[in-house]
Amino acid sequence: MLTDHESILVVFAHPDDESFFWSPTIFNLIDRGICVDFLCCTSGEYTQEGPSDELATTRAEELKNTANSFGVRNVDIIYDQSVCPDHPQKVWNRMRVCETIQDTFLRNKNTAILTFDEFGISGHTNHIACYNSCKFLTEETKVPLFFVKSVGKLPKFCFFAYIPYLFSRRFEKFRCSHRRAWSAFSNHRSQLLWYRYLFFAFSSYSWHNLVFQYLPEDGGD
């Protein structure tokens with residue numbers, strides 16, 4: 001179980017992923033006295049007009065503020081756009097990403113990694129790249145790896161469709177209030193767009209997460 005570990009490295013793609021999708025898990029881990037560290041694989045520089053260094057600086061600062069509100073120990077960000085560009089159509093340098101994840105893991109003396117599953121919750125290319133990089137690292141090093149479960153659109157936004165997950169024994173479950181999750185996400189002021197308010201109001205990820213461990217011998221599920 002994830003809660004059996006003393007120190008977790010949370011690996012995600014963009015500044016705001018951590019609180020937009022995983023607030024219930026992060027709050028619960030920290031409430032239990034488990035050390036949590038962040039590794040964000042981009043600085044969130046993407047715009048439709050091209051990468052913005054100004055936006056990247058803003059979003060990095062917002063992430064650090066969010067980490068403080070959670071009680072996270074360390075925050076690392078990969079700023080090198082040649083390694084991990086924030087872009088839905090560009091491929092990451094997986095070997096360089098794996099090296100950075102491993103270096104961060106060892107420096108922090110973490111005991112497990114948490115990241116996206118193969119569907120990346122929203123299907124974003126960068127989310128799935130986090131999954132592929134962490135999975136490759138675990139297969140090479142045997143580092144314990146855990147995923148936050150991606151659920152379909154109906155259970156994601158309809159409580160009644162989500163109910164079966166509440167009784168499933170396949171997952172470790174974490175819960176927090178919408179208000180608490182919003183207190184973390186609201187630090188990302190540059191990302192407070194109208195559709196994100198709707199997402200927070202209706203998404204299951206605002207109050208509940210399902211976590212499972214990757215086991216290489218059976219494909220992780």
Side-chain angles (χ1 to χ4, degrees), residues 1-2 5 7-26 29 36-46 63 72 75-78 80-106 108 110-153 155-156 165 168 170-174 199 203-205 208-221:
M1 296 178 69
L2 184 64
H5 291 271
S7 178
I8 312 298
L9 179 63
V10 180
V11 179
F12 50 96
H14 313 107
D16 75 0
D17 289 342
E18 81 298 328
S19 50
F20 204 45
F21 302 119
W22 300 342
S23 285
T25 302
I26 295 168
L29 293 175
V36 174
D37 299 305
F38 282 172
L39 175 59
C40 185
C41 293
T42 77
S43 56
E45 71 277 0
Y46 176 78
L63 176 60
V72 166
V75 179
D76 287 277
I77 301 171
I78 301 177
D80 190 344
Q81 297 176 22
S82 68
V83 176
C84 302
D86 176 11
H87 197 286
Q89 297 178 336
K90 291 186 178 180
V91 177
W92 288 2
N93 184 328
R94 189 175 68 178
M95 295 306 298
R96 293 276 302 279
V97 177
C98 288
E99 289 173 2
T100 301
I101 296 171
Q102 185 174 27
D103 289 347
T104 306
F105 182 90
L106 294 174
N108 291 333
N110 298 120
T111 57
I113 294 173
L114 175 71
T115 192
F116 295 98
D117 69 5
E118 67 267 38
F119 302 107
I121 296 182
S122 64
H124 194 294
T125 302
N126 296 160
H127 296 180
I128 296 170
C130 288
Y131 161 81
N132 286 326
S133 298
C134 291
K135 177 173 174 284
F136 180 81
L137 179 62
T138 288
E139 290 172 346
E140 294 295 313
T141 65
K142 310 305 179 186
V143 168
L145 176 61
F146 294 81
F147 301 129
V148 176
K149 170 72 175 175
S150 297
V151 300
K153 289 184 179 180
K156 183 186 296 185
Y165 286 114
S168 173
R170 298 179 59 206
F171 306 104
E172 197 170 357
K173 305 177 187 71
F174 299 99
F199 183 95
S203 170
S204 62
Y205 293 99
H208 200 268
N209 287 157
L210 305 161
V211 172
F212 65 102
Q213 185 170 4
Y214 174 63
L215 301 173
E217 64 271 18
D218 67 4
D221 198 358

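Fair warning: this is a prediction, and the values are worked out from it, not measured in the lab. Computed from heavy atoms alone, side chains included, the values below leave out hydrogens, waters and symmetry copies.
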inquiry  = Taking the ring of F38 and the ring of F12, is the distance between their centroids below 6.0 Å?
reply    = yes

H14 ring center near Y46 ring center (under 6.0 Å) = no

task = Give a yes or no on whether the backbone of S150 and the side-chain of K156 come within a donor-acceptor separation of less than 3.5 Å.
result = no

query = Do the non-hydrogen side-chain atoms of L210 and S168 ever get within less than 4.5 Å of each other?
reply = no

remark   = Sorted by chain and number, sequence neighbours left out, side chain to side chain donor-acceptor pair (under 3.5 Å) with T138 holds for none

inquiry  = Taking salt bridge (charged side-chain N to carboxylate O under 4.0 Å, His left out) as the definition, give me every residue that meets it alongside D117, ordered by chain and number, with sequence neighbours left out.
reply    = none

ask   = To the nearest 0.5 Å, what is the distance between CD1 (I78) and SG (C41)?
value = 4.5 Å

task = Test T125 against V91 for side chain to side chain contact (heavy atoms under 4.5 Å, CB included), laying out the working first.
result = CA-CA 8 Å; T125 302; V91 177; over 6 Å; no

task = Decide ring pair (Phe, Tyr, Trp, His ring centres under 6.0 Å) for H5 and F146; before the verdict, give the C-alpha distance in whole Å, the side-chain angles of both, and the deciding distance to 0.1 Å.
result = CA-CA 11 Å; H5 291 271; F146 294 81; 5.6 Å; yes

key: Between CD1 on residue I121 and OG on residue S204, distance to nearest 0.5 Å   = 8.5 Å

task = Report yes or no: does E118 contribute a side-chain atom to a donor-acceptor pair with the main-chain N or O of Y131 at less than 3.5 Å?
result = no

ask   = Is there a side-chain contact between W22 and L29, using heavy atoms and a 4.5 Å cut-off?
value = no

ask   = How long is the span from the SG atom in C130 to the CD1 atom in I101, to the nearest 0.5 Å?
value = 7.0 Å

ask   = Residues two or more places apart in sequence or in another chain: which of them pass salt bridge (charged side-chain N to carboxylate O under 4.0 Å, His left out) with R96?
value = D80

ask   = Are L137 and I113 side-chain neighbours, meaning at least one heavy-atom pair lies under 4.5 Å?
value = yes

query = With sequence neighbours left out, which residue pairs that include part of residues 12-22 fulfil the salt bridge (charged side-chain N to carboxylate O under 4.0 Å, His left out) condition?
reply = D16-R59, D16-R196

inquiry  = Are the side chains of S23 and N209 in contact, using a 4.5 Å heavy-atom criterion?
reply    = no

key: Main-chain N/O of S43 paired to D86 side chain as donor or acceptor, under 3.5 Å   = no

Gap separating the CD1 atom of I26 from the OG atom of S19, nearest 0.5 angstrom = 7.5 Å

query = Is a side-chain donor or acceptor of S133 paired with a backbone partner of C98 at a separation under 3.5 angstrom?
reply = no

task = Would you check, one step at a time, whether the test side chain to side chain contact (heavy atoms under 4.5 Å, CB included) holds for F212 with K149?
result = CA-CA 7 Å; F212 65 102; K149 170 72 175 175; 4.1 Å; yes

inquiry  = Taking the side chain as everything from C-beta on, heavy atoms only, tell me whether F171 gets closer than 4.5 Å to F147.
reply    = no

key: Option passing side-chain contact (heavy atoms from CB on, under 4.5 Å) with N110 (candidates V36, L9, V10)   = L9

message = My understanding is that only residues two or more places apart in sequence, or in another chain, count here; which of them pass salt bridge (charged side-chain N to carboxylate O under 4.0 Å, His left out) with E99?
response = none

Q81 and its side-chain contact (heavy atoms from CB on, under 4.5 Å) partner, picked from H87, E45, K90 = E45

query = Less than 4.5 Å apart, any side-chain heavy atom of W92 and any of N126?
reply = yes

message = Taking side chain to side chain donor-acceptor pair (under 3.5 Å) as the definition, give me every residue that meets it alongside E172, ordered by chain and number, with sequence neighbours left out.
response = T3

message = Between T111 (side chain only) and S7 (backbone N and O only), is there a donor and an acceptor less than 3.5 Å apart?
response = yes

task = In sequence, state the C-alpha distance, the side-chain angles, and the governing distance for F105 and D37, and then conclude on side chain to side chain contact (heavy atoms under 4.5 Å, CB included).
result = CA-CA 9 Å; F105 182 90; D37 299 305; over 6 Å; no

task = Show your working on ring pair (Phe, Tyr, Trp, His ring centres under 6.0 Å) between H127 and F21 and close with a plain yes or no.
result = CA-CA 11 Å; H127 296 180; F21 302 119; 5.7 Å; yes

query = Distance-only, no hydrogens or angles: does the T25 side chain make a donor-acceptor pair with backbone N or O of F174 under 3.5 Å?
reply = no

message = With rounding to the nearest 0.5 angstrom, report the CG to CG distance, L63 to D76.
response = 10.0 Å

task = Enter the distance from F199:CZ to F20:CZ here, rounded to the nearest 0.5 Å.
result = 4.5 Å

task = Dump the intermediate steps for side chain to side chain contact (heavy atoms under 4.5 Å, CB included) on I8 and L2, then the final yes or no.
result = CA-CA 8 Å; I8 312 298; L2 184 64; 3.7 Å; yes

